[in-house]
Number of protein chains: 2
Amino acid sequence: MTDTTTAGLRKPDSEDDGMSPIARSGAGGTLAEAIRVGLADEITSGALAPGTEIDEQAVAGRFGASRTPVREALRQLAASGLVVIEPRRGVRVAALTANDLGELFELMAETEALCIRLATYRMTAVERVALQMLHRQSAPIVGRNDVDRYDQHNRDFHTSIYRGSHNSALVDHATGLRLRLAPFRRAQFRGEQRLQQSHSEHEAILSQVLQGDGEAAGRLMRAHMLTASATLAEYLVAPRG
Amino acid sequence: MTDTTTAGLRKPDSEDDGMSPIARSGAGGTLAEAIRVGLADEITSGALAPGTEIDEQAVAGRFGASRTPVREALRQLAASGLVVIEPRRGVRVAALTANDLGELFELMAETEALCIRLATYRMTAVERVALQMLHRQSAPIVGRNDVDRYDQHNRDFHTSIYRGSHNSALVDHATGLRLRLAPFRRAQFRGEQRLQQSHSEHEAILSQVLQGDGEAAGRLMRAHMLTASATLAEYLVAPRG
DNA sequence: ATAGCTCATTATGAATACAATAAGGCGAGC
DNA sequence: GCTCGCCTTATTGTATTCATAATGAGCTAT
């Protein structure tokens with residue numbers, strides 16, 4: 001954590017070397033947006049661990065900007081729940097209690113259940129096929145026990161289901177929840193058989209989707225998410241949870 | 001809308017007359033927070049109609065503050081969906097399309113269904129009784145056809161159910177959704193028999209809760225919310241929805 | 001020696017100043 | 001007469017400066 005050069009964007013005191021000043025690469029085009037994305041990455045990736053204090057000036061220096069856009073970025077991150085702001089006391093990466101985590105995982109499970117239920121009834125034929133293919137492509141990943149690749153695949157799978165609900169408000173809600181929980185899912189597939197188990201559960205869910213039973217798919221999805229969270233909880237005993 | 005003195009806080013160019021400088025009365029204690037609350041009120045109450053452009057400087061003047069806290073407030077409002085920010089183009093009160101509204105109402109309905117389902121299994125005896133009493137107290141309001149009072153009661157009823165889920169993440173989510181939809185619910189109880197119908201639906205939901213059938217309560221709640229949104233939609237034909 | 005108070009320091013909250021972009025108007029050319 | 005382009009202007013984005021509150025250290029008194 002001492003080496004926080006990870007997201008150095010504009011190097012301070014260096015003339016523009018022709019590279020696009022990140023604002024473009026960031027997102028909409030504003031510095032604040034770019035900083036928000038950068039900080040969110042650092043938090044979700046674990047580079048900034050939960051509970052870490054965030055110094056506005058330090059962040060500003062790191063990103064080669066002033067405090068103003070940094071503050072805006074931090075407020076937005078607070079709104080999404082990734083950081084916590086105590087007025088006049090500073091900002092820190094959200095450190096959730098075990099209870100908070102449980103509540104969030106429950107909401108996540110119910111939300112995903114809702115997504116798959118709606119998706120069962122609303123996905124187009126193309127979407128259905130795409131989801132099947134996505135699932136099939138993960139088989140060799142499971143075989144190789146490639147955790148990183150499977151993690152990426154898992155994200156894609158669930159995201160496809162969000163989209164399948166054909167409700168963008170729901171997609172945003174589910175995506176936001178996933179982002180918020182990201183810092184706490186680092187050990188998600190650590191267990192020996194977790195990849196295999198996750199894959200099987202996906203298969204069962206997919207099966208119900210193809211049979212058109214959204215309720216059953218929802219129940220399976222809820223169980224799938226709660227299983228994952230329970231497995232995860234085993235690795236969260238030590239922290240000040 | 002020309003008379004926007006509604007939320008005048010610090011009158012500009014008037015020496016502090018001993019009154020607490022609103023920062024205290026606002027919320028946490030910062031000006032930005034107070035402005036956020038003030039603007040949110042104006043938006044949800046309809047004083048600032050959907051689609052209205054918001055000028056940072058004008059808001060700053062109105063609240064007797066500088067642009068800095070106003071910008072922070074606006075960013076937070078954007079995060080909650082009440083306003084939309086187009087970089088370099090300005091801020092305007094969120095103007096949702098009919099499709100957006102439909103998606104939000106669906107999410108709201110499903111969220112409320114989830115709340116009542118969980119609440120059915122988790123409310124304490126005290127909470128159960130309180131909810132019953134709250135419902136009973138609304139009977140005379142319905143009798144008098146007192147729309148404003150019933151609106152307040154309705155909020156309390158639903159909020160109590162959120163809390164009954166005993167999941168604060170879910171409470172926040174549901175509350176946020178309700179806030180976001182508030183600007184579009186102004187004509188909610190305009191129909192002749194709407195109060196009576198709403199009351200009956202509440203009664204049916206409560207009945208299932210007391211019988212311990214969370215699933216049934218959830219189905220009724222979903223229908224209740226969708227009925228309300230459908231009724232509401234009748235009044236949203238004219239606007240640029 | 002310890003507890004409480006005061007003062008200095010530092011970081012956040014807010015205001016002001018500066019820069020850059022987008023929009024609108026005016027003029028010129030086709 | 002219409003359209004395209006430049007220029008002006010106003011508003012947003014960013015930086016800098018100022019104010020204020022919280023924190024910690026050091027001192028004093030009990």
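Chain identifiers are assigned alphabetically (A, B, ...) following the order of the sequence lines, protein sequences preceding nucleic acid strands; residue numbering begins at 1 within each chain.
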Check: protein-nucleotides 8-11 of chain D nitrogen or oxygen pairs below 3.5 Å:
none

*Measuring from B:M108:CE to B:L177:CG, what's the distance to the nearest 0.5 Å?*
5.0 Å
Pairing residues for [X] by the side chain to side chain donor-acceptor pair (under 3.5 Å) criterion, not counting sequence neighbours:
| X | value |
| --- | --- |
| A:R71 | A:E56, B:E72 |
| A:R88 | none |
| A:E53 | A:R92 |
| B:D41 | none |

*Round to the nearest Å and state the distance from B:I85 atom CD1 to D:dG13 atom P.*
7 Å
_Tell me the interatomic distance from A:E33, atom CD, to D:dT12, atom P, rounded to whole angstroms._
17 Å
*A:H173: what forms a ring-ring contact (aromatic ring centres under 6.0 Å, His included) with it, not counting sequence neighbours?*
B:H173
Mind checking what makes side-chain contact (heavy atoms from CB on, under 4.5 Å) contact with [X], not counting sequence neighbours?
| X | answer |
| --- | --- |
| B:R155 | B:D151, B:Q152, B:R178 |
| A:A182 | A:T44 |
| B:R89 | B:E86 |
| A:V171 | A:Y162, A:S165, A:T175 |

*asked:* Contact list please: residues 69-84 of chain B against DNA chain C, heavy atoms, distance less than 4.0 Å, in numerical order.
replied: B:P69
Filtered N/O pairs between nucleotides 16-20 of chain D and protein, under 3.5 Å:
from: D:dT16; atom 1: O4; to: A:T68; atom 2: OG1; distance (Å): 3.3

